[in-house]
Number of protein chains: 2
Amino acid sequence: MTQSIKDQKEVTREVNEKLIIDAAEQIFALYGFKGATTDRISKQASLPKANVHYYFKTKSNLYREVLHRILDDWMEAAEDFDTHPDPKSALTNYVISKMKFSRNRPYASKVWANEVLHGAKIAGEFFQNELQGWVQDRTKIVNDWIQQGKIKAVDPETLFFMIWATTQHYADFSKQLEILNDGKAFTDEQYQQKTQQVVRLVLNAVGIE
Amino acid sequence: MTQSIKDQKEVTREVNEKLIIDAAEQIFALYGFKGATTDRISKQASLPKANVHYYFKTKSNLYREVLHRILDDWMEAAEDFDTHPDPKSALTNYVISKMKFSRNRPYASKVWANEVLHGAKIAGEFFQNELQGWVQDRTKIVNDWIQQGKIKAVDPETLFFMIWATTQHYADFSKQLEILNDGKAFTDEQYQQKTQQVVRLVLNAVGIE
DNA sequence: GTCTATACGTTGATAGAC
DNA sequence: GTCTATCAACGTATAGAC
């Protein structure tokens with residue numbers, strides 16, 4: 001008997017928690033941690049403020065959850081690098097994947113940038129190991145390519161940092177791009193073209209083509 | 001008679017205003033606009049909180065002044081691009097200049113990133129024209145290089161965006177670099193080497209060398 | 001599980017003595 | 001021009017009715 005009721009409640013909980021996390025991601029991105037108020041988040045989620053505290057207890061907890069989800073999604077993009085053996089495909093697909101993330105999840109990118117900018121006080125606790133491991137593994141791959149003469153001799157860490165910086169900039173500094181684009185946000189077609197240009201610059205940088 | 005007194009007061013004012021702006025740049029960088037309190041800024045400047053309001057009236061005013069100074073300094077770095085006629089020197093010196101700025105003025109870079117990240121609500125009012133003009137002029141120069149066959153055909157805007165993104169990332173995401181560097185900040189020597197790597201990647205990207 | 005009303009702490013800003 | 005004391009506004013969090 002209680003099973004179906006419990007299920008119903010759990011569904012409600014899951015739905016509302018997702019509503020709140022989605023809303024929080026956007027509000028944290030737009031206003032920063034301190035600037036974001038639980039009141040604004042609740043309004044964005046179309047729920048009473050008290051419910052936000054009911055589900056997540058504190059604003060800091062909610063923020064931590066938002067960061068966790070972003071890191072998971074960020075890691076997923078790495079697959080597009082790993083599943084292609086040759087440098088041209090791997091780099092091309094990775095850059096495209098990162099550019100798509102900036103396009104589809106601009107708030108996520110901004111929340112992350114904001115967090116690292118201010119010292120990664122919260123995220124630092126849990127993303128340290130993942131980041132180091134990720135870079136170590138891919139550094140090996142890039143160094144192999146260099147030894148096999150497939151790409152020019154470049155510092156792998158600097159290369160990845162450049163790819164992250166450039167692709168994430170399209171989300172984090174979108175306002176600056178908008179200003180340069182006569183105040184208008186990029187159309188899908190414009191964004192596609194910019195993506196191709198970034199791919200070309202990255203391939204050039206390692207001497208492919 | 002009052003001349004010398006007035007001079008003295010003006011000197012005091014200038015000294016204190018600079019103290020406060022320096023402190024504010026750091027506190028805004030570390031905590032964001034909302035997270036930065038006038039109390040913390042005043043303590044950082046070793047002055048009573050009331051003096052901050054005496055000199056700048058409001059926190060928003062002070063923030064605006066901080067942004068103005070940053071934009072001025074940012075524009076100055078462009079000289080290292082303009083004073084060299086050939087692409088290799090111009091790009092090399094510009095990248096080095098931008099990397100130096102990230103090293104010497106990390107707080108300035110972070111305040112700017114934070115401002116643009118959250119929609120450039122304040123800076124947008126005054127940096128729109130300067131940015132558009134800056135990019136238009138340099139786009140011409142890059143296109144000339146392309147037509148003269150001095151560099152590969154790349155989109156100038158994407159190129160500049162990549163240079164800004166990468167060089168500013170060394171300030172804005174310094175925490176992430178620190179984590180990858182076993183928790184230690186870069187030494188001057190390490191930073192020099194990274195700078196050389198970035199220069200190489202940028203030159204490769206446009207097909208020089 | 002939902003929501004209104006409220007307590008409590010923090011912060012921007014100022015009044016007024018020096 | 002400097003600084004202490006103070007206030008009003010706001011925001012987090014919760015108590016308690018439904």
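These numbers were taken from a predicted model, which means no experiment stands behind them.
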Under a 4.0 Å heavy-atom criterion, DNA chain C is touched by chain B from C/dT11 to C/dT14
Residues of residues 12-31 of chain B with a heavy atom under 4.0 Å from any atom of DNA chain C, listed by number, are none
By the side chain to side chain donor-acceptor pair (under 3.5 Å) test, which pairs, at least two apart or in different chains, include something from residues 111-120 of chain B? A/N114-B/H118, A/H118-B/N114, B/Y63-B/E115, B/N114-B/H118
Give every donor-acceptor pair under 3.5 Å between a side-chain atom in residues 24-33 of chain B and any protein atom, sequence neighbours left out.
{"unit_1": "B/E25", "atom_1": "OE1", "unit_2": "B/R69", "atom_2": "NH2", "d": "3.0"}
{"unit_1": "B/E25", "atom_1": "OE1", "unit_2": "B/R105", "atom_2": "NH2", "d": "2.9"}
{"unit_1": "B/E25", "atom_1": "OE2", "unit_2": "B/R105", "atom_2": "NE", "d": "3.4"}
{"unit_1": "B/E25", "atom_1": "OE2", "unit_2": "B/R105", "atom_2": "NH2", "d": "3.4"}
{"unit_1": "B/Q26", "atom_1": "OE1", "unit_2": "B/Q44", "atom_2": "NE2", "d": "3.3"}

Could you work out, with side chain to side chain donor-acceptor pair (under 3.5 Å) as the rule, every residue matching A/K34, not counting sequence neighbours? none
Under 4.0 Å between any heavy atoms, over every strand shown, what does B/F56 touch: base, sugar-phosphate, or nothing? Just pick one. nothing
Pairs touching residues 53-63 of chain A that satisfy salt bridge (Lys or Arg N to Asp or Glu O under 4.0 Å), sequence neighbours left out: none
Hey, could you give me each pair passing side chain to side chain donor-acceptor pair (under 3.5 Å) that has a residue in residues 88-102 of chain A? Not counting sequence neighbours. A/D80-A/S97, A/H84-A/N93, A/D86-A/S89, A/Y94-A/W164, A/K98-A/Q168
Sequence neighbours excluded, which residues qualify as ring-ring contact (aromatic ring centres under 6.0 Å, His included) partners of A/F126? A/H68
Residues in ring-ring contact (aromatic ring centres under 6.0 Å, His included) contact with A/F160, at least two apart in sequence or another chain: A/F81, A/W134
Inter-residue atom distance A/F56.CZ - A/I20.CD1, 0.5 Å rounding: 5.0 Å
Sort me out a list of protein N/O and nucleotides 10-13 of chain D N/O pairs below 3.5 Å, or just none if empty.
{"unit_1": "D/dT12", "atom_1": "OP1", "unit_2": "A/A36", "atom_2": "O", "d": "3.4"}
{"unit_1": "D/dT12", "atom_1": "OP1", "unit_2": "A/K59", "atom_2": "NZ", "d": "3.0"}
{"unit_1": "D/dT12", "atom_1": "OP2", "unit_2": "A/T38", "atom_2": "N", "d": "3.1"}
{"unit_1": "D/dT12", "atom_1": "OP2", "unit_2": "A/T38", "atom_2": "OG1", "d": "3.0"}
{"unit_1": "D/dA13", "atom_1": "OP2", "unit_2": "A/H53", "atom_2": "NE2", "d": "3.2"}
{"unit_1": "D/dA13", "atom_1": "OP2", "unit_2": "A/K59", "atom_2": "N", "d": "2.9"}
{"unit_1": "D/dA13", "atom_1": "N6", "unit_2": "A/K49", "atom_2": "NZ", "d": "3.2"}

Residue list, side chain to side chain contact (heavy atoms under 4.5 Å, CB included) with B/Q136, at least two apart or on another chain: none
Output every pair passing salt bridge (Lys or Arg N to Asp or Glu O under 4.0 Å) with a member in residues 117-140 of chain B, not counting sequence neighbours, ordered by first then second residue. B/D82-B/R138
